[in-house]
There are 2 protein chains.
Amino acid sequence: MTLVSSGMKVRKSAARMGRPRAFDIDEALDRALHVFWQKGYEGASLSDLTEAMGINRPSLYAAFGNKEALFCKALDRYAEGPAAYVHEALKEPTARAVVERLLQGAVDLQTDPRNPPGCLMVQSALSCREASDPIRKEVAARRKAGEAAIRQRFKRAIAKGDLPADANAADLARYVATVMYGLAVQAAGGASRAELRPAIQMALRAWPGA
Amino acid sequence: MTLVSSGMKVRKSAARMGRPRAFDIDEALDRALHVFWQKGYEGASLSDLTEAMGINRPSLYAAFGNKEALFCKALDRYAEGPAAYVHEALKEPTARAVVERLLQGAVDLQTDPRNPPGCLMVQSALSCREASDPIRKEVAARRKAGEAAIRQRFKRAIAKGDLPADANAADLARYVATVMYGLAVQAAGGASRAELRPAIQMALRAWPGA
DNA sequence: TTACTTATGTATCAGATGGTACATAAACTA
DNA sequence: TAGTTTATGTACCATCTGATACATAAGTAA
């Protein structure tokens with residue numbers, strides 16, 4: 001089949017062509033995530049990013065596209081890594097346990113001394129310039145998606161009788177999300193784990209049947 | 001007394017010297033507040049500000065100093081105007097009524113269609129560039145001051161027996177502030193009044209004896 | 001080898017940012 | 001009148017922003 005052998009470029013397993021990349025792309029993305037987390041989307045300049053990533057501008061653009069694309073990939077990495085506790089929490093057997101783990105996880109992550117304080121999704125949610133409006137919308141959409149996942153979990157809990165039949169899943173989810181966002185603002189403002197833990201105990205007192 | 005009449009310039013009441021200012025300084029400040037509220041400190045460029053205020057750059061600098069000083073005056077105006085509900089709420093007779101009015105006031109203000117959505121203190125809290133670090137600290141300090149005022153109010157409530165003797169004023173205040181910040185994030189993300197009202201009803205269920 | 005493909009480093013771009021110099025306009029004082 | 005003081009408008013500055021052009025380096029494929 002001359003058509004195949006000449007027209008298609010059969011990529012031979014892992015051996016890629018051209019000069020090999022001189023940096024680890026995943027580690028670079030982690031560094032970028034760290035910078036975005038600390039400074040927000042607009043606060044992180046390309047100079048900040050390239051310095052932290054240990055690469056030059058053209059390498060960044062070749063590997064990630066542009067600043068927006070890099071940020072979106074950092075969002076993905078955030079969701080799969082540091083913020084994975086959200087999806088883990090949804091697997092808890094009871095709605096009450098779900099909420100406990102969501103709030104506890106939020107406080108633990110946002111006040112972890114190894115990370116920048118606060119939450120990437122909140123930190124970058126309020127960024128302002130019109131130029132970065134697509135980013136704000138993207139982050140808002142992801143927050144809404146997270147809230148929707150919590151809402152669906154509560155709907156299941158209501159259906160199973162784990163929550164009262166007259167409970168409103170949307171209201172419950174919005175309340176939990178609101179507290180989580182508030183915790184992010186507190187943490188970004190310097191609140192410590194010891195200060196925020198009692199706050200989530202308070203928040204849990206609002207829970208139906210507790 | 002030649003010393004007085006020659007050395008000191010006796011300012012004759014309201015008649016100021018020099019060319020009179022061609023714009024209303026309070027109205028200009030209101031316009032600036034509006035821009036900061038919508039875009040945050042860093043998101044509001046001087047061009048945005050001067051256009052909204054209807055003046056040129058040099059007039060802005062002559063009247064307000066610089067961007068930082070203008071923002072601080074906008075913060076003052078915010079506290080005395082739109083955010084005055086906080087101090088009003090603290091005058092309510094019971095701690096429960098204080099919290100109800102704080103949360104209700106937050107939702108009403110942050111979802112008022114006449115204002116930008118969200119809260120100026122939260123919107124500008126997470127701004128990012130190192131250059132505007134003083135601003136972030138200033139806003140954080142003002143948020144802490146607000147939280148402290150709420151805490152003091154709850155301490156009085158405990159002393160008067162309005163709250164249980166074993167209640168922790170600091171924890172209660174932190175919880176209320178956290179919910180308020182969360183509401184601001186929600187509102188900035190487009191949440192409506194109808195969506196947030198049930199959330200504050202949820203939040204109130206956590207209150208001691210309710 | 002020679003061609004081809006991809007990555008790197010330097011040097012730079014146009015545009016936006018916060019902030020000003022300077023000449024002029026409009027009020028008051030003498 | 002002239003002199004002083006303050007405000008305005010134009011035009012501009014140095015700096016930073018995100019993003020690239022271009023030559024070169026370092027690999028694979030034939």
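Chain naming here is simple, since letters A, B, ... match the order of the sequence lines and numbering starts at 1 in each.
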Is the Lys NZ or Arg CZ of A/R21 less than 6.0 Å from the centre of A/F23's six-membered ring, within 45° of the axis?
yes
Relative to A/Y181, does A/R143 satisfy both conditions: NZ or CZ under 6.0 angstrom from the six-membered ring centre, and within 45 degrees of the ring's axis?
yes
Compare every heavy atom of B/A95 with every heavy atom of B/R153, then report the nearest pair and how far apart it is.
NH2-N, 4.3 Å
Heavy atoms only, 4.0 Å cut-off, all strands: where does B/P20 land among base, sugar-phosphate and nothing?
sugar-phosphate
Roughly, in whole Å, what's the span from CE in B/M17 to P in D/dA7?
11 Å
Testing D/dG18, C/dT17, C/dT20 for proximity to the side chain of A/R129, the answer is C/dT17
Of all the choices, C/dT20, C/dT17, D/dT20, which nucleotide is nearest to the side chain of A/R57 once you look at every atom?
D/dT20
Among C/dT6, C/dT20, C/dT8, the nucleotide that comes nearest once only the side chain of A/R21 is considered:
C/dT8
Is the ring centre of B/W37 less than 6.0 Å from the ring centre of B/F71?
no
Between P of C/dG19 and CG of B/L70, the distance in whole Å:
10 Å
What integer distance in Å separates B/I25:CD1 from D/dT6:P?
14 Å
Quick one: on DNA chain C, does B/K67 or A/S59 contact a more 5' nucleotide (nearest heavy atom)?
A/S59
For a quick check of understanding: with a heavy-atom distance under 4.0 Å over all strands, which category does A/A62 fall into, base, sugar-phosphate or nothing?
nothing
Rounded to whole Å, CG of A/L60 lies from P of D/dA19 at a distance of 9 Å
To the nearest Å, how far apart are B/L46 CG and C/dG15 P?
20 Å
d(A/R77 CZ, A/L29 CG) to nearest 0.5 Å is 5.0 Å
Let me know the distance between CG of A/L49 and C1' of D/dT17, rounded to the nearest Å.
12 Å
Among D/dG27, C/dC28, D/dT8, the one nearest any side-chain atom of B/R19 is D/dT8
Roughly, in whole Å, what's the span from OH in B/Y41 to P in C/dT17?
13 Å
Nearest whole Å is fine: how far is D/dT6 P from B/N56 CG?
20 Å
